[in-house]
Amino acid sequence: MRKDMHAFLAIWSDIAADLAGEWYRWHTDEHMPERVGIPGFLAGRRYERIDGGPGRDVPEDRRLQHCYMMYEGEKLTTFNSDAYIERLNHPTEWTREVAPAFQNFARGACQLKFSAGDGYGGVMLLLRFDEGTGAASDDMSAATLESLDHFVSTLPGLSGITAAHFGFSRAEITDIETNEKQARAGTGEARFDSVMMIEACDAAQLAGHATAILANLKSIGLPAENARYGFYDLSYLLTKRTTEVPNRH
């Protein structure tokens with residue numbers, strides 16, 4: 001994670017099988033470079049849910065979508081800036097063509113509240129608290145927030161864990177009707193209250209910590225039993241370009 005990141009845009013989606021090949025080409029070759037090129041966007045990441053190994057133990061009714069995409073931002077208002085809204089209102093032809101691939105879509109700009117650790121882990125344990133689960137910023141007492149801050153700070157000390165981040169969704173930032181949102185009208189756009197990301201080097205090591213992590217979250221006042229969660233592999237990472245000329249091989 002970039003040290004100058006103070007907010008992030010979190011996006012989940014399943015991808016229609018018949019459009020998956022084209023969607024992945026579009027997302028890698030056009031969409032992520034376009035987004036990371038917007039002022040205030042620092043980096044973009046795409047993750048794929050791990051369905052084998054530790055993923056087999058996630059109950060079906062608590063399983064997150066297949067793809068997780070996030071963009072690191074300098075500040076929360078990066079995600080309703082004029083430059084970003086301009087792109088959302090002028091989607092490319094390729095964007096319009098692949099829009100029907102999105103299924104079970106969820107999206108929200110988040111204020112980064114707590115963060116610890118350095119670098120990017122190749123795998124992630126992702127927990128999402130959907131609306132009404134009692135994990136919005138207004139639902140938490142000062143004592144719960146203090147305990148959560150301490151807990152996040154201890155996670156990179158566990159074997160294999162590189163970093164941990166917790167953010168609160170700010171629906172007012174992304175509740176804007178745009179042409180790109182209309183192109184995804186077939187799937188809607190679900191909301192959530194907060195999200196926790198725990199990055200690690202190895203999926204098995206991370207899975208070994210998962211039960212204790214969920215128990216600790218519950219003990220400090222978060223409704224961990226209501227969280228949707230999953231284990232994810234990092235599929236693609238793109239940081240802010242240092243040159244306007246892309247690499248060509």
Side-chain angles (χ1 to χ4, degrees), residues 1-12 40-47 50 54 64 68-76 78-79 108-129 133-170 192-224 226-234 237-240:
M1 186 200 79
R2 291 275 299 264
K3 289 300 183 183
D4 46 352
M5 165 181 150
H6 298 289
F8 59 95
L9 184 65
I11 303 167
W12 291 263
F41 279 67
L42 303 172
R45 312 188 213 175
R46 184 179 68 237
Y47 290 83
I50 301 171
L64 288 166
Y68 174 59
M69 299 145 278
M70 69 165 290
Y71 294 95
E72 303 176 18
E74 289 181 349
K75 53 188 177 181
L76 187 62
T78 294
F79 303 118
C110 297
Q111 185 72 61
L112 181 64
K113 184 66 175 178
F114 306 118
S115 186
D118 294 307
Y120 296 98
V123 294
M124 177 186 286
L125 172 59
L126 183 62
L127 299 99
R128 189 180 79 206
F129 297 88
T133 55
S137 58
D138 292 342
D139 296 329
M140 295 189 194
S141 66
T144 296
L145 290 170
E146 183 178 358
S147 296
L148 180 58
D149 185 11
H150 175 72
F151 180 59
V152 169
S153 72
T154 66
L155 287 172
L158 298 178
S159 177
I161 292 181
T162 62
H165 320 286
F166 190 96
F168 288 110
S169 177
R170 302 300 184 192
F192 60 96
D193 284 334
S194 54
V195 57
M196 186 170 192
M197 300 174 287
I198 303 170
E199 302 185 57
C201 299
D202 178 80
Q205 277 189 310
L206 183 57
H209 297 304
T211 298
I213 288 171
L214 290 169
N216 274 277
L217 288 174
K218 187 173 181 179
S219 72
I220 65 178
L222 267 74
N226 295 328
R228 296 184 66 187
Y229 67 101
F231 297 89
Y232 287 79
D233 274 327
L234 180 62
L237 167 66
L238 183 66
T239 59
K240 177 69 77 174

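As a basis for the values below, the full set of heavy atoms in this structure was taken, side chains included, without hydrogen atoms, waters or symmetry mates. We're numbering straight along the sequence, starting at 1.
Counting heavy atoms from C-beta on, the side chains of C201 and T162 come closer than 4.5 Å. Side-chain atoms of F166 and D149, non-hydrogen and from C-beta on, never get closer than 4.5 Å to each other. Using a 4.5 Å heavy-atom threshold, the side chains of R45 and L237 count as touching. Side-chain contact between D139 and T144 is absent, with no heavy atoms from C-beta onward closer than 4.5 Å. Taking 4.5 Å as the limit, every side-chain heavy atom of L206 sits out of range of all side-chain heavy atoms of P54.
Of the possible donor and acceptor atoms, one in the side chain of Q111 sits under 3.5 Å from a partner among the backbone N and O of H6. Looking at K75, its side chain never comes within 3.5 Å of a backbone N or O of A7 through a donor-acceptor pair.
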With side chain to side chain contact (heavy atoms under 4.5 Å, CB included) as the criterion, how do I161 and L125 come out once you've worked through the C-alpha distance, each side chain's angles and the decisive distance to 0.1 Å?
CA-CA 10 Å; I161 292 181; L125 172 59; over 6 Å; no
Test side chain to side chain contact (heavy atoms under 4.5 Å, CB included) on M197 and L126 and set out the steps.
CA-CA 5 Å; M197 300 174 287; L126 183 62; 3.5 Å; yes
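In terms of heavy atoms, M5 sits closest to L112 at O-CD2, 3.7 Å. Shown here for G134 and D193, the closest heavy-atom pair between the two residues is N-OD2, 4.4 Å. Between A135 and F168 the shortest heavy-atom distance is O-CE2, 3.6 Å. The two atoms that bring Y68 and A10 nearest to each other are OH-CB, 3.7 Å, heavy atoms only. The two residues P156 and A163 make their nearest non-hydrogen contact at CG-CA, 4.1 Å. Scanning both residues, T154 and F151, for their nearest heavy atoms gives OG1-O, 2.7 Å.
For A109, the side chain to side chain contact (heavy atoms under 4.5 Å, CB included) test picks out L9, L76, F79, I173, T174, with sequence neighbours left out. Partners of D202 under the side chain to side chain contact (heavy atoms under 4.5 Å, CB included) rule, at least two apart in sequence or in another chain, are A204, Q205. By the side chain to side chain contact (heavy atoms under 4.5 Å, CB included) test, E74 pairs with L42, T78, sequence neighbours left out. Among residues two or more places apart in sequence or in another chain, the side chain to side chain contact (heavy atoms under 4.5 Å, CB included) test is passed with S147 by I220. Considering only residues two or more places apart in sequence or on other chains, R170 meets the salt bridge (Lys or Arg N to Asp or Glu O under 4.0 Å) condition with none of them.
Atom CG in L145 sits 6.0 Å away from atom NZ in K113 (nearest 0.5 Å). In this structure, M196 CE and L217 CG are separated by 5.0 Å, a value rounded to the nearest 0.5 Å. Here the CE-NE2 distance, from M124 to H165, works out to 6.5 Å after rounding to the nearest 0.5 Å. From C110, atom SG reaches atom CZ of F8 across 4.0 Å, with rounding to the nearest 0.5 Å. Distance check: L155 CG to H150 NE2 gives 10.0 Å after rounding to the nearest 0.5 Å. Between the CG atom in N226 and the CG atom in L127 there is a gap of 12.0 Å [rounded to 0.5 Å].
Using bins of under 30°, 30° to 60° and over 60° for the plane-to-plane angle, the ring pair Y232/Y47 lands in the perpendicular bin.
Screening residues 192-212 for ring-ring contact (aromatic ring centres under 6.0 Å, His included), with sequence neighbours left out, gives W12-F192.
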